[in-house]
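Letters go in sequence order (proteins before strands), and every chain restarts at 1.
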Number of protein chains: 2
Amino acid sequence: MVCISKMSAAKTDNEVTPLHGERVTSQRLLILRIIREGEGHMDAEELYRRATEEDPRISLSTIYRNLRLFKRIGLVEERYLGEGHHHYELRRPTQHHHLVCLGCGRVIEFECPQTEQMREDVAKANDFEITDTEVYFAGYCSSCRKKRG
Amino acid sequence: MVCISKMSAAKTDNEVTPLHGERVTSQRLLILRIIREGEGHMDAEELYRRATEEDPRISLSTIYRNLRLFKRIGLVEERYLGEGHHHYELRRPTQHHHLVCLGCGRVIEFECPQTEQMREDVAKANDFEITDTEVYFAGYCSSCRKKRG
DNA sequence: GTAGGTGCAAAGTGTTTGCATATAC
DNA sequence: GTATATGCAAACACTTTGCACCTAC
């Protein structure tokens with residue numbers, strides 16, 4: 001379930017409510033829906049590809065413009081998982097992190113309660129207000145390890 | 001002190017020893033020295049700018065090519081700290097992580113012993129061999145918070 | 001009606017590559 | 001001498017922007 005500050009996306013498209021002067025356009029609904037359905041890590045290109053299937057006239061700049069918007073209003077999070085471009089996912093209430101296989105590119109999500117404590121410690125120690133947290137591990141999964149001996 | 005698998009850089013340039021067939025060129029020495037002296041987070045452009053001051057003929061592609069080499073042989077680590085490009089730093093024996101101010105761009109490093117435990121847990125749970133670890137926090141430092149009220 | 005969003009094509013970044021020349025070994 | 005690095009310019013991939021048209025409010 002998504003329900004954040006300025007624009008919120010509910011279960012079905014038509015329930016989306018703009019709360020900030022951001023206009024509700026068919027493109028925005030479509031993009032949000034695809035991100036939601038894609039659950040997980042999609043880059044702009046993939047998002048564009050899928051969007052085009054439903055609305056062949058949609059443009060890549062609209063994708064990028066709206067990703068930036070969604071990011072800004074906190075609906076979507078941007079991740080750099082080490083391949084030269086970004087992945088996008090809906091912001092979820094529970095923090096979760098990423099484990100990436102450098103062999104096959106597979107991305108595994110995991111949760112990590114310790115992070116919360118760490119975050120507080122670091123915030124306090126540096127007098128920061130921390131708004132973003134990310135833990136990133138990379139390595140090789142068991143099947144990729146087998147392949148390379 | 002830096003002393004890793006295939007090529008090692010010691011205190012002064014001339015002590016550098018290639019251990020892997022990688023040739024020791026003046027450009028490589030220069031780049032490594034600048035990364036070392038720059039201590040911290042320099043992007044390729046900044047590295048290039050400084051290198052040009054000492055060797056006006058050095059080219060940006062040499063910078064990139066060698067950054068890739070250094071990364072591959074484990075001398076240097078690449079970090080994406082969220083501004084559309086990478087930062088590079090010498091690999092150090094102690095794991096450290098990054099706290100970035102979204103207001104002024106300042107990067108603070110911190111260490112975090114808990115991460116080691118986390119890493120082991122995640123590796124075990126997913127049957128991974130984890131080779132890279134990164135914890136990234138972003139937010140606002142105290143002076144940027146004041147500015148924006 | 002108007003501020004704001006879209007599509008398109010063009011421009012920007014950051015990064016990589018092909019090739020002839022130069023250099024470490 | 002030969003394999004490997006370099007410099008240069010050209011190509012790339014990802015992302016942003018300018019502008020005329022369109023649409024949500």
Could you tell me if B:Asp43 and B:His85 have a donor-acceptor pair between their side chains, going purely by distance under 3.5 Å?
yes
Side-chain donor-acceptor pair under 3.5 Å between A:Tyr88 and A:Glu78, yes or no?
yes
Atom-to-atom span, OH of B:Tyr48 to C1' of D:dC8 - whole angstrom
10 Å
Length of the line joining A:Leu29:CG and C:dG5:C1', which is rounded to integer Å
13 Å
Donor on one side chain, acceptor on other, A:His96 and A:Glu134, under 3.5 Å:
no
Inspect the contact between B:Glu109 and B:Arg92 and indicate whether a charged nitrogen and a carboxylate oxygen are less than 4.0 angstrom apart.
yes
Does A:Arg28 make a side-chain N or O approach to OP1 or OP2 of C:dG5 shorter than 4.0 Å?
yes
Which nucleotide, C:dT6, C:dT15, D:dG7, lies nearest any side-chain atom of B:Thr62?
D:dG7
So what does B:Asp43 hit on the nucleic acid, given a heavy-atom distance under 4.0 Å: a base, only sugar-phosphate, or nothing?
nothing
For a quick test of reading the model: is some side-chain N or O of A:His86 closer than 4.0 Å to OP1 or OP2 of D:dC14?
no
Carefully, step by step, assess B:Ile130 and A:Tyr140 under the rule side-chain contact (heavy atoms from CB on, under 4.5 Å).
CA-CA 6 Å; B:Ile130 293 181; A:Tyr140 294 92; over 6 Å; no
Could you check how far OH of A:Tyr88 sits from P of D:dC14, rounded to whole Å?
11 Å
What's the OH-P distance between B:Tyr80 and D:dA13, to the nearest Å?
19 Å
Using a cut-off of strictly less than 4.0 Å, decide whether B:Tyr64 has a side-chain nitrogen or oxygen near OP1 or OP2 of C:dT15.
yes
With a 3.5 Å cut-off and no angle check, do the side chains of B:Tyr80 and B:His98 form a donor-acceptor pair?
no
To the nearest 0.5 Å, how far apart are CG in A:Leu75 and NZ in A:Lys71?
13.0 Å
Between A:Phe110 and A:His97, how do the two ring planes meet: parallel, tilted or perpendicular, split at 30° and 60°?
tilted
What is the distance, to the nearest angstrom, from the CD1 atom on A:Ile63 to the P atom on C:dC8?
12 Å
Hey, is the side chain of A:Gln27 poking within less than 4.0 Å of OP1 or OP2 on C:dG7, counting only N and O atoms?
yes
Cationic N near anionic O, under 4.0 Å, B:Arg49 to B:Glu53:
yes
Separation of B:His85 atom NE2 from D:dT16 atom P, in whole Å?
14 Å
Rounded to whole Å, please give me the gap between CZ in B:Arg23 and P in D:dT6.
10 Å
Rounding to 10°, can you tell me the angle the first-five-pair axis of the helix from C:dG1-D:dC25 to C:dC25-D:dG1 makes with its last-five-pair axis?
40°
For DNA chain C, what residues of residues 49-61 of chain B have any heavy atom nearer than 4.0 Å?
B:Leu60, B:Ser61
When rounded to whole Å, the CD to P distance for the pair A:Glu45 and D:dC12 reads 15 Å
Taking atom types as they are modelled, would you say the side chain of A:Arg65 forms a donor-acceptor pair with the base of C:dG4 within the 3.5 Å cutoff?
no
Pairing of A:Glu120 and A:Lys124 as salt bridge, 4.0 angstrom limit
no
Distance check: side-chain N/O of B:Arg68 vs OP1/OP2 of C:dT17, anything under 4.0 Å?
yes
